Amino acid sequence: MKVAILSAMREEITPFLEKYPHYSVQEVGGNTYYLVKAEGYEIILAYSKIGKVHSALSASTMILHFGAEKLIFSGVAGGLSPKLKVGDLVIANKLCQYDVDISAFGHPLGFIPESSVYIQADQKLNALAKTVAQEMGIGLHEGIIASGDSFIASAEKKKWLIETFGADAVEMEGASVANVCHLLKIPFCILRSISDSADGEADVSFDEFLESSAKISADFVEAMLKKGL
Ligand code: 4EH
């Protein structure tokens, strides 16, 4: 089976390239795709660059060009729920684009006609993640992930995301990847480890914990692959 592992930043995919160093590379559309046989899969690895447009292009390329049959996003996120601390793992049960606003026409925030505010993640992959977490004896939160093209670093914006979308974590790529996978009928799981709390100290926390949280997420994906997708 062909499995795509996608991240946004180089720091988020590096742990996988260190785990699986016998890859070949192929460039498509300004990104590098790393192809490797490991854990009984043909794995396609890439970092998309930051934001919803880049991540949508990479997810599409992994599926339509490289033939990925399942997709796992691995990376870091800002924690919104008070339950989420730096290093904690979160999977999305559903995702939304918090920066979509056509409310001038009476639509709810995040809604696009012929689409929906929230996109559901794959229940089987999420169930696998929960089983793996249980077996490893580690915590795994499941909740709503809100995505938009901004780094959130203020208490006011954080409060707005919680109140408007019921969001538990915020990042900049998950919802676009979810949309692509949903429309192309590819099961996906969006996994993130918390790097900051999306508040006034988010920038400092992010710089401090990007690498360690990215590694926590990558190690968890490795355990999921070993268990069997
Ligand atoms: O890919 C972007 C990165 C931040 S921007 C989204 N990622 C990290 C997740 C994330 C996040 N997103 C929104 C972690 N914390 C977040 C937050 N708000 N508080 C970036 C950061 N450093 C250098 C370049 N770009």
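Being a predicted model, the structure only gives us computed values, none of them experimental. Whatever order the structure lists them in is the order used to number ligands and atoms, beginning at 1. Residues: numbered from 1 along the sequence shown.
Checking Ser197 against Asp199 by side-chain atom types alone, no donor-acceptor pair falls below 3.5 Å.
Closer than 4.0 angstrom to ligand 1 lie heavy atoms from Ala8, Met9, Ile50, Val76, Ala77, Gly78, Ser150, Phe151, Ile152, Val170, Glu171, Met172, Glu173, Arg192, Ser195, Asp196, Ala198, Phe206.
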Please table the atom pairs, donor to acceptor, closer than 3.5 Å between any side-chain atom in residues 66-75 and protein atoms at least two apart or in another chain.
from: Glu69; atom 1: OE1; to: Lys2; atom 2: N; distance (Å): 2.7
from: Ser74; atom 1: OG; to: Ser217; atom 2: OG; distance (Å): 2.7

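Counting heavy atoms from C-beta outward, Tyr34 and Ile44 have side chains that stay 4.5 Å or more apart.
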Pair Asp219, Lys19 - check side chain to side chain contact (heavy atoms under 4.5 Å, CB included), show working.
CA-CA 9 Å; Asp219 287 347; Lys19 288 178 198 298; 2.5 Å; yes

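The side-chain hydrogen bond (donor to acceptor under 3.5 Å, both in side chains) with Ser176 is formed by just one residue from the set Ser55, Ser60, Ser58; it is Ser55.
Looking only at distances, no side-chain donor or acceptor of Lys37 sits under 3.5 Å from a matching main-chain atom of His22.
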